[in-house]
Structures are given as structure tokens and as C-alpha cells.
Amino acid sequence: MTKSKVFLAALLAAGAAMFYSCGDDKPTPGGGKDPKPDVPETGSVRMLTTTADRSKDLSESWIEFSTKDNMSPSTIRLRPNETFQTMDGFGAAITGSTCYNLMKMKPEDRKAFLELTFSPDKGYGFSYVRISIGCSDFSLSEYTCWDDKDKGFALTDEENKYIIPILKEILAINPTLKVMGTPWTAPRWMKVNNLTELKQWNQWTSGQLNPKYYADYGEYFAKWIKAFADNGIKIYSVTPQNEPLNRGNSASMYMGWEEERDFVKKGLGPALRNAGLDTKIYAFDHNYNYDNISSQKSYPTKIYADFDARKYLAGAAFHNYGGNKDELTVVHNATPGMDLVFTETSIGEWNNGRDLSKRLIDDMQEVALGTVNRWAKGVIVWNLMLDDQKGPYRPGGCSTCYGAVDINRDYTTMTRNSHYYIIAHMASVVKPDAVRIGTSGFTAPGLTYTAFRNTDGSYAMVLSNGSSSEIKFTVDDGTHHFPVTVPASSAVSLSWK
């Protein structure tokens, strides 16, 4: 079986999220095949399992606590007194293209999919999304919300007809959803060719922000945040510029670290503060390797070194299209007060994006677990939903990307890809404000894991087995212990209290 199709009308039945997969006889809560008869329907520890061959597809099973003393030499011990970062959440980008595809679905099918995806109780509990301020390369057109200097700021049809209605539907399902906003470009009238000549740059692609418009552009952010608030949507965080070192996207704007430092302290930070907004600001929002531009190495750390900029910043955001995830640890160690979030990664033709056997383990270890184990407070993947033609997308943008979910153009069947699974495995057990905790003991080749304590006192573990054999061990939290078997080439989520 090479892919899993979701028949949307059957996602919810009798108040429980249900999921059909190709070859399954009938749906079960959480998705995948019916448990084997010897697997209890309830127990002490809930376990969700996805295998790279899709034989288990977010399949639910239960494990009982052991009643005997733990004598197992293969034990992972939780260390709840050893704490790391507090989690914000996990999710995907709600782009214009995603919203367009969602709006093409039947309302009852869309509600079922969104409930399965975002509900903390009936679904997988996705809790953090990213949207564009103006257009992105996955919008229906190129635009900002202040294209005419004289007419002033206004939301456009893309926000009013697609993005805001979808966000309202999601918030009705998960009222605690966090929303991050990111611009791909400033309004063109604010752009210049470079900071030496300062010639008008009336293009969507490349250019730089004219320093004389720092205050105006900061006001643009404030107006955008307030406009969404007027629609009942609180913007939790923003970044000053998507991929500031990328001049070539369909909509883009170069912003070196000195420019972003100055914009944050002279424009964006004061504008939000003067407007009484508590929206968090995350610097950078680009690749681990700083696009191999030597002058931009340690971009967010350099900004954070400036007191007048630092007082407005919550931290820094990263993508993984270049470099190594260990850069997160480097930045954390250099600036311990800086929070880190992972805000974009994509699958596509270039990395076998629809082949779960190729992507599940790598994305679990590099993105989901790899970033969290290196201090990321949140993980957001790129498009939640694209159609089966990889769109809609803008000319000059990514024409080879897949979504976390790809929906056929009949808008009734879809395929879940690796990014949906990795976020579902994290979000289903690691709740907002959970604290990552320490572990010690058992390790094995191919086994990656992390552990958390949720605010309700429950524990969560997420594990990935990249080896070709199942791995067995015991988990011990100091009060309870239980046996775990992680299948070969799989992702597993555990939760218990």
C-alpha cells in the first residue's frame, strides 16, 4: 500500500474522529486498522502508532501499567525535575492555497477534516498555525494589504473570503489555537533597489525596505494585527520577514541582520507597543546555514546582542532548507534567553514527499523530534493542504511542493503525507504549555525520543524507530512503569497519567 486516502464523509461518526485507509475493512477512532482482538480498547497508557509502510496509520492501542517491580535492564527513565523549554504547540501553515482548497470542500467534509486535525478532544489537536501577512508563494495573487499608499490599509478578498473564514472555523474547534503572521514582502512603494542608491523598486520579488518607511511598515503590522483581532482572531506572534536572505521567491524582500535589527527597534517593536499589542516577535525566520552568506552568520544572535532590539524580541525562527538542526543548540547556547521556534519545512518532488517509506523517519528525526530536542518551543510545517496538482501556487514560487495533506480535485478524497503524521504524533500528546523533561537510560540504534510533562500532570513521550527491527524496552516515570514495543520504521506517541 503506497498511500492512504481519506474519505471525508466518514471522518466523524457517533461523535468520534474516524478515518478510512485503503484496504481497511472499517474505520476506528484515531485512524488505521481495527486493533487486534488481544489489544485492549482502554488501558493506562494510550499509544498511537504509524508505520512507514502504512500498516499502522495513527492506530490506537493501550498498554497497562506493570504491577511487578521494574527489573528491566532496558529502561527509559523519565526525569521530571530536569526541565527544558515550555512548548507553544505544533501545526501547519494555513496559506491562501490551503484555504482555497478547504473552501472547495463540502461544509460537512471540511468540518470533519478540521475537527480531526485541530480538536484537542476529538482529533489530533494541532495548536499552532502560520499565515502570511499579505501574499505568499501559495496565495491566489500577489498583494499586500496596503498596495496603494494614498488609499491606506485594508484587508483583501483573500483574507475576507478564504483565510479569515477558515481560521474562524478552526478557532471554533480549538479556541486556544496560536496564530503566527509573516510577510513575504512589504508594499512595493516601501521598497528600494538597495540601501545605497535608494531607487524605487516596484517589484514583488527582491528589493529592500526603505529605511524612511520603518515607522510606516511597523504601523502596517499593527493595523494587520488589529484587523484580525476585529475578526475575532488573536495574532500570537509575528516574524519581520519570511526568508530575509532569499531574493528569489515569487514575493520576497531581502533584509540583512542589520536591517532587521533597525526595523525591529525603530519600526516594528515601537509600533506594536504603542498600539498596546502583546504579539511576540521572532527574528530571522530562515535557514540554519544563513544561506551560506558569511556576513549573515548568527543572524538572530547579532540582533539579540543589541539591547534596543532585544527588548522587543521573544526569540528567533528557523527553516531547514539549508544547514543542520544543531544550529538551534548553537543559538540557544549563545543566547539562552532567546526562545526558538521552527516555522517552515516542505516536502516535494525533490525529497520523495509522497512516499511515506522515504519520509516518515527522516521527518520525525529531523523536524519533529530533532528540533524539539534542540530547544524549539513550536514546530510548524508548510502548507496544511494542497491539491493533487501541487497548488494553487504562484509563478516563481514552489511548483513541486506537496502539502501535509493533498486533496484530489474532486475535493472529497485526500492523501496524508509525512508532515501530517509527524505533527499529529506531537500535537496529540504534547499539549500547549507542556514542559520538556529529561530522560536517561536505554538507547538503541535508530531510536530517537523525547518526553514531556503536561499542565494536567500527565506525561507524554514521542518516539521514532528508524531501524529495520522492532525495539522493546520499559518506560518508568518513577511511579509507574510499562513495556513498550516500537515497530520497525515507525513513529509512536504515548500518553498517561
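Values reported hereafter were calculated over all heavy atoms of this structure, with side chains retained and with hydrogens, waters and symmetry mates removed.
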- Query: Can we call the ring centroids of Y299 and F284 under 6.0 Å apart?
  - Reply: yes
- Task: Evaluate the ring pair (Phe, Tyr, Trp, His ring centres under 6.0 Å) criterion for residues W496 and F482: first the C-alpha distance (whole Å), next the side-chain angles of each, then the deciding distance (0.1 Å), finally the verdict.
- Result: CA-CA 11 Å; W496 72 97; F482 52 91; 4.9 Å; yes
- Query: Are the aromatic ring centres of Y124 and F118 under 6.0 angstrom apart?
  - Reply: no
- Query: Does the distance from a Lys or Arg side-chain N to an Asp or Glu carboxylate O, for K390 and E349, drop under 4.0 Å?
  - Reply: yes
- Taking only residues two or more places apart in sequence, or in another chain, which ones meet K297 in a salt bridge (Lys or Arg N to Asp or Glu O under 4.0 Å)? none
- Nearest heavy-atom approach of S428 to L48 is OG-CD1, 3.5 Å
- Query: Going by heavy atoms in the side chains, are S97 and Y393 under 4.5 Å from each other?
  - Reply: no
- Item | Basic-acidic side-chain contact under 4.0 Å: K106, D109 | no
- Does a side-chain heavy-atom distance below 4.5 Å link P487 with T49? yes
- Side-chain heavy atoms of V367 within contact of F342, under 4.5 Å: yes
- Query: Going through the checks in order, is the side chain to side chain donor-acceptor pair (under 3.5 Å) test met by Y402 and R359?
  - Reply: CA-CA 12 Å; Y402 302 129; R359 292 262 33 101; over 6 Å; no
- Side-chain (S136) to main-chain (S132) donor-acceptor, under 3.5 angstrom: no
- Message: I'd like to know if the side chain of S119 and the backbone of D121 have a donor-acceptor N/O pair within less than 3.5 Å.
- Response: yes
- Message: With heavy-atom distances below 4.5 Å as the criterion, would you say the side chains of V179 and I131 are in contact?
- Response: yes
- Query: Got a sec, which pairs hit disulfide bond (SG atoms under 2.5 Å apart) with one end in residues 370-423, sequence neighbours left out?
  - Reply: C398-C401
- Message: Under a 3.5 Å threshold, yes or no: a donor from one side chain and an acceptor from the other, between Y321 and N289?
- Response: no
- Do any pairs count as a side-chain hydrogen bond (donor to acceptor under 3.5 Å, both in side chains) and have a residue in residues 163-175, sequence neighbours left out, and if so which ones? R110-E169, N174-T176
- Are the side chains of H480 and S44 in touch, meaning some heavy atoms are under 4.5 Å apart? no
- Stepwise, does the side-chain contact (heavy atoms from CB on, under 4.5 Å) test hold for D363 with I347? CA-CA 9 Å; D363 288 335; I347 48 175; 3.8 Å; yes
- When the ring centroid of Y449 is compared with that of F473, is the distance short of 6.0 Å? no
- Query: So do the side chains of H319 and T345 get within less than 4.5 Å of each other, counting heavy atoms only?
  - Reply: no
Enumerate, atom names and distances included, each donor-acceptor pair closer than 3.5 Å involving a side-chain atom of residues 433-447, sequence neighbours excluded.
from: R436; atom 1: NE; to: Q85; atom 2: OE1; distance (Å): 2.9
from: R436; atom 1: NE; to: V372; atom 2: O; distance (Å): 3.2
from: R436; atom 1: NH2; to: Q85; atom 2: OE1; distance (Å): 3.4

- Query: Is there a side-chain contact between Y288 and N320, using heavy atoms and a 4.5 Å cut-off?
  - Reply: yes
- Does R394 make a cation-pi contact with F138, if we ask for NZ or CZ under 6.0 Å from the ring centre and within 45° of the axis? no
- Note: D476-R77 ion pair, threshold 4.0 Å (strictly below): yes
- Is a salt bridge present between R416 and D406, judged by a nitrogen-to-oxygen distance below 4.0 Å? no
- Message: Looking at K234 and D278, is any side-chain nitrogen of the basic one under 4.0 Å from a carboxylate oxygen of the acidic one?
- Response: yes
- Would you list the pairs meeting disulfide bond (SG atoms under 2.5 Å apart) in which at least one residue belongs to residues 454-497, sequence neighbours left out? none
- Task: Using the side-chain contact (heavy atoms from CB on, under 4.5 Å) rule, take L356 and T50 through it: C-alpha gap first, then chi angles, then the decisive distance, then the call.
- Result: CA-CA 10 Å; L356 198 66; T50 300; 4.3 Å; yes
- Please name all residues satisfying salt bridge (Lys or Arg N to Asp or Glu O under 4.0 Å) with E344, sequence neighbours left out, ordered by chain then number. R130
- Task: Run the numbers on I380 and V129 for side-chain contact (heavy atoms from CB on, under 4.5 Å), then give the verdict.
- Result: CA-CA 7 Å; I380 305 172; V129 300; 5.9 Å; no
- Query: Do V462 and V430 touch side chain to side chain, with heavy atoms closer than 4.5 Å?
  - Reply: yes
- Message: Can you confirm whether the side chains of N373 and T450 place a donor and an acceptor under 3.5 Å from each other?
- Response: yes
- Message: Tell me whether E327 is salt-bridged to K325, with the criterion being a basic N under 4.0 Å from an acidic carboxylate O.
- Response: no
